[in-house]
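Notes follow once the structure below has been shown.
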2 protein chains.
Amino acid sequence: MAEQAIPTPGTADRDAGAVRARSPRSATSGARRPATIYDVAQAAGVSHQTVSRYLKGFEGIRPETRAKVERALTDLEYRPNLTARSLTTGRSRRIGALTHDIDKYGPSKILGSASAAARDAGYVLDVVALDTGDMDSIAQALSMIAEHDVEAILALSSTDEMTKAFAQIDFRVPALIATEPDEPARVASQFATVGMPALVGHLASLGHRRILHLAGPSQWSAARNRTRALENAATEQGLAVVRTIEGDWSAQSGHAAVSGLAALEATAIVSANDQMALGAILALSERGLSVPDDVSVTGIDDIPDAAFYLPPLTTLRMDLTGRGRAAVRELIGRIDGSEAHEPRAVQSELIVRRSTGPAPR
Amino acid sequence: MAEQAIPTPGTADRDAGAVRARSPRSATSGARRPATIYDVAQAAGVSHQTVSRYLKGFEGIRPETRAKVERALTDLEYRPNLTARSLTTGRSRRIGALTHDIDKYGPSKILGSASAAARDAGYVLDVVALDTGDMDSIAQALSMIAEHDVEAILALSSTDEMTKAFAQIDFRVPALIATEPDEPARVASQFATVGMPALVGHLASLGHRRILHLAGPSQWSAARNRTRALENAATEQGLAVVRTIEGDWSAQSGHAAVSGLAALEATAIVSANDQMALGAILALSERGLSVPDDVSVTGIDDIPDAAFYLPPLTTLRMDLTGRGRAAVRELIGRIDGSEAHEPRAVQSELIVRRSTGPAPR
DNA sequence: AGGTCCGGTGTTACCGGCAACATCGGGCGA
DNA sequence: TCGCCCGATGTTGCCGGTAACACCGGACCT
């Protein structure tokens with residue numbers, strides 16, 4: 001408290017007034033630490049707070065002060081340290097993402113679009129992969145994510161365990177499952193009211209009346225939604241789902257399902273995704289049945305490969321990209337407090353290709 | 001400095017000795033902040049440093065002190081704050097991951113295994129998706145990642161731009177491209193010396209002599225390695241690569257390449273990945289050619305779907321899972337200073353299915 | 001018996017930002 | 001002309017940990 005700092009610039013020994021002594025940092029030294037606002041402040045001959053104010057875009061800074069700060073910032077190649085900032089602000093600009101089956105088309109597509117949306121908003125996704133879907137590993141992954149101080153939590157796959165975990169854990173931050181939640185009967189999604197009926201109508205118009213359904217794993221809400229939508233649409237249009245076989249989304253499971261059948265009691269196979277449809281087509285061909293002459297096959301998703309199956313697959317295109325983006329936007333909206341719950345619409349569109357044809361008589 | 005803190009537990013006014021005054025935290029209040037080591041210390045009647053020591057597994061703590069700390073930790077549901085920790089230690093337990101085409105099989109598979117390996121080592125992957133591969137967006141993404149104080153940087157796709165960016169940017173942290181780097185002729189990878197020769201040998205034994213090559217995009221080092229390995233193996237075994245067409249890894253591009261051909265001058269098509277092979281098979285069928293009776297087709301990767309193509313695809317299985325894991329392990333090794341440069345072997349294995357057969361006479 | 005060492009803990013400083021408050025000089029009104 | 005207000009900037013404290021050092025009492029040594 002002896003003497004006050006003299007604000008005259010250019011004073012030779014002004015370093016003595018520095019609040020914190022720091023080891024000098026020679027510009028020539030090779031592996032120097034990144035510059036902090038204190039380094040910048042010292043170089044510019046101002047206080048660190050002036051630098052901080054400049055960085056936050058504070059207007060009331062005198063032009064010459066501003067110029068000195070700008071110069072020092074570029075000279076020292078200053079980069080903000082998000083860790084330090086988030087310690088005080090609590091804003092880490094990170095969103096935790098949790099998923100298994102990340103190498104599958106759906107989750108990876110959603111992850112890609114979610115990550116892009118996050119990036120555009122200045123956020124980064126902290127991804128933790130799950131090997132198994134059980135509660136223990138989910139809880140463990142969530143606690144890992146929580147330690148990283150994320151501002152929101154996103155799940156990319158919506159199994160029952162995931163849903164349960166999200167329901168019973170208090171995250172203290174916004175949390176969301178990116179894939180479709182269970183759709184109660186009263187919720188009229190575009191998929192259930194337009195997409196699936198269009199697919200079923202397409203089959204009906206070709207004369208099909210009996211459908212074999214290859215369902216996704218029943219612990220996935222997406223699988224349940226698809227099955228329910230199919231059953232509803234079939235009932236309404238007078239078609240019968242004569243049999244439902246549960247697969248695991250893989251071509252392998254679609255193949256096994258159709259191969260294991262004693263008799264094919266249907267003229268059309270509606271698969272809950274494209275890849276099980278691929279397996280089904282192979283199995284049909286191995287049974288000596290032709291697609292679409294003997295049996296029509298449809299998928300859901302319209303993955304890029306589906307247009308190049310043999311035959312190219314009639315399918316329901318789902319807007320996965322939109323879903324990942326919408327999920328991230330909603331989370332960021334909730335973080336910022338703007339409770340803009342835009343009802344992310346699940347868009348779907350019927351894509352007719354050569355895997356469907358007139359029902360055999 | 002008036003009086004020393006009396007270490008007697010149970011003293012009524014011991015709060016007065018607290019180093020930092022904190023707003024009291026009622027256990028009943030709903031949205032209370034997470035407990036810190038100071039809260040735990042106060043509850044246990046010890047100093048925060050004792051708590052910190054306990055958390056680090058320091059041995060020399062008296063059993064009764066230890067018990068008090070443990071009790072307070074569980075009572076308050078203490079969770080460490082990684083942000084605060086990493087501010088001092090510089091260890092964020094985060095690895096930055098950079099990728100485009102995250103929805104493609106290769107990158108997403110590698111990402112999944114990398115993320116699992118990271119998780120097992122206590123790390124989280126900070127993923128930033130790239131829309132385009134140009135230097136600007138790479139640089140921007142890298143600077144985003146850098147602000148998040150990652151301990152290492154991983155790229156999941158190895159285009160030329162990525163390679164260049166990695167070569168010219170000083171990351172200050174270990175950095176690695178997870179996919180294959182360019183393999184100089186002298187580097188004898190298992191893929192180049194065993195895998196690809198086995199594939200070519202398989203075709204040779206079936207009587208094929210003229211090969212059409214569907215290459216990957218030439219700015220990908222993986223594509224160049226595959227093309228070079230094919231050319232070398234073909235030369236050694238007396239086969240001719242009569243034509244090379246560059247695709248973009250997609251079935252679409254494989255289809256376009258074969259459709260656009262005036263005449264097929266070869267009896268076998270070697271595609272740089274499975275999906276281009278899928279497109280090629282469809283194009284062949286549209287030309288009235290049968291696989292494998294008229295033309296044999298092979299892929300590389302052995303994606304799960306490849307076994308269910310029509311016909312099931314003969315391909316070279318690549319160990320993508322191992323690659324992601326190996327990359328993360330090497331990075332963590334470098335972080336920890338243990339310079340264990342285990343030469344991550346690119347394992348490959350010939351999988352013969354029904355898309356290859358005897359060459360037509 | 002006094003000094004020394006040492007195990008067990010407490011205290012202080014620091015990481016790099018942000019927020020609140022303090023300070024200083026000049027313009028302006030009374 | 002003096003006090004007040006205000007704009008520009010400096011100072012201090014804090015976020016939640018870790019690291020270095022200080023301190024205290026008892027065992028051991030001479």
Side-chain angles (χ1 to χ4, degrees), chain A residues 1 3-9 14 17-23 33-42 44-66 68-69 76 78-93 147 149, chain B residues 1 3-9 14 17-23 33-42 44-66 68-69 76 78-93 147 149:
Chain A
M1 310 278 180
E3 52 182 25
Q4 318 217 51
I6 301 156
T8 310
R14 76 170 319 292
V19 176
R20 306 187 184 190
R22 303 188 132 263
S23 55
R33 295 195 335 242
T36 71
I37 55 168
Y38 293 95
D39 300 321
V40 173
Q42 187 171 334
V46 300
S47 79
H48 72 275
Q49 193 54 233
T50 300
V51 178
S52 175
R53 277 191 269 262
Y54 172 85
L55 292 172
K56 278 194 305 181
F58 179 68
E59 292 296 333
I61 301 179
R62 250 198 314 243
E64 63 256 39
T65 309
R66 177 175 294 268
K68 284 189 296 184
V69 171
L76 273 59
Y78 173 79
R79 307 240 146 261
N81 180 327
L82 206 79
T83 300
R85 176 178 298 166
S86 71
L87 186 56
T88 44
T89 61
R91 305 285 315 255
S92 64
R93 309 244 106 192
E147 286 186 12
D149 228 19
Chain B
M1 310 277 180
E3 52 182 26
Q4 318 217 47
I6 302 158
T8 311
R14 76 171 319 291
V19 176
R20 305 187 184 191
R22 304 187 132 261
S23 55
R33 295 196 333 243
T36 71
I37 55 168
Y38 292 94
D39 301 321
V40 173
Q42 186 171 333
V46 299
S47 77
H48 73 275
Q49 193 54 232
T50 299
V51 179
S52 175
R53 278 191 268 260
Y54 172 84
L55 292 171
K56 280 192 304 180
F58 179 68
E59 292 295 333
I61 301 179
R62 248 195 318 239
E64 62 257 38
T65 308
R66 176 176 295 269
K68 284 189 296 185
V69 171
L76 273 59
Y78 173 79
R79 309 237 147 261
N81 180 326
L82 234 164
T83 301
R85 176 178 298 164
S86 70
L87 185 57
T88 44
T89 61
R91 306 283 315 252
S92 63
R93 309 243 104 190
E147 286 187 12
D149 230 18

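The chains referred to below are lettered A, B, ... by the order of the sequence lines, with proteins before strands, and numbering in each begins at 1.
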**Item:** Given DNA chain C, 5'-ward residue of the pair B:Ala84 and B:Glu59, judged by closest heavy atom
**Value:** B:Glu59
So, taking the atom named [atom1] in [X] and the one named [atom2] in [Y], what distance separates them when rounded to the nearest 0.5 Å?
X       : Y        : atom1 : atom2 : value
A:Thr36 : A:Asn81  : OG1   : CG    : 9.5 Å
A:Arg85 : B:Glu147 : CZ    : CD    : 7.0 Å
A:Thr89 : A:Leu82  : OG1   : CG    : 7.5 Å

Using a cut-off of strictly less than 4.0 Å, decide whether [X] has a side-chain nitrogen or oxygen near OP1 or OP2 of [N].
X       : N      : value
B:Thr88 : D:dG16 : no
B:Arg85 : D:dT18 : yes
A:Ser47 : D:dT11 : no
B:Arg62 : C:dT9  : yes
A:Tyr38 : C:dC14 : no
B:Lys56 : D:dG17 : no
A:Thr65 : D:dT9  : yes
B:Ser86 : C:dC15 : no

**Request:** Using distance alone, with no hydrogens and no angle criterion, decide if A:Ser92 and A:Asp149 have a side-chain donor and acceptor under 3.5 Å apart.
**Result:**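 A:Asp149 and A:Ser92 do not have a side-chain donor-acceptor pair below 3.5 Å.
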**Request:** Decide yes or no, distance alone: a donor-acceptor N/O pair under 3.5 angstrom between the base of D:dG10 and the side-chain of A:Arg53.
**Result:**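 By the distance-only test, yes, there is a pair.
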**Message:** Tell me whether the side-chain N or O atoms of B:His48 pair up with the base of D:dT18 as donor and acceptor below 3.5 Å, since no angle test is needed here.
**Reply:** yes
Can you check the [X] [atom1] to [N] [atom2] distance for me, whole Å?
X        : N      : atom1 : atom2 : value
A:Leu87  : C:dC18 : CG    : P     : 11 Å
B:Gln49  : C:dT9  : CD    : P     : 12 Å
A:Phe58  : D:dT9  : CZ    : P     : 9 Å
A:Arg79  : C:dC15 : CZ    : C1'   : 20 Å
B:Glu147 : C:dG17 : CD    : P     : 10 Å
B:Glu64  : C:dG7  : CD    : P     : 17 Å
B:Gln42  : D:dG16 : CD    : C1'   : 15 Å
B:Arg91  : D:dG17 : CZ    : C1'   : 15 Å

**Item:** Side-chain donor or acceptor of A:Arg66 paired with backbone N/O of A:Gly60 under 3.5 Å
**Value:**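 Not confirmed, A:Arg66 side chain does not pair with A:Gly60 backbone.
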**Asked** Is there a donor-acceptor contact under 3.5 Å from the side chain of B:Ser52 to the main chain of B:His48?
**Response** no
**Prompt:** Step by step, would you call A:Tyr78 with A:Leu55 a side-chain contact (heavy atoms from CB on, under 4.5 Å)?
**Reply:** CA-CA 11 Å; A:Tyr78 173 79; A:Leu55 292 172; 3.6 Å; yes
**Request:** Note down the inter-axis angle between the two ends of the helix from C:dA1-D:dT30 to C:dA30-D:dT1, five pairs each, to the nearest 10°.
**Result:** 70°
**A:Arg79, CZ atom: more than 12 neighbouring heavy atoms under 6.0 Å** =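 Atom CZ in A:Arg79 is not packed in, count stays at 12 or less.
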**Prompt:** What is the nucleic acid contact for A:Leu55, judged by heavy atoms within less than 4.0 Å: base, sugar-phosphate only, or nothing?
**Reply:**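 Contact class for A:Leu55: none.
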**Message:** Applying a 4.0 Å non-hydrogen cut-off, can you work out what B:Leu82 is touching in the nucleic acid: base, sugar-phosphate, or nothing?
**Reply:** nothing
**Options C:dA20, D:dT18, C:dG17, nucleotide nearest the side-chain atoms of A:Tyr78** =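 Nucleotide nearest to A:Tyr78's side chain: C:dG17.
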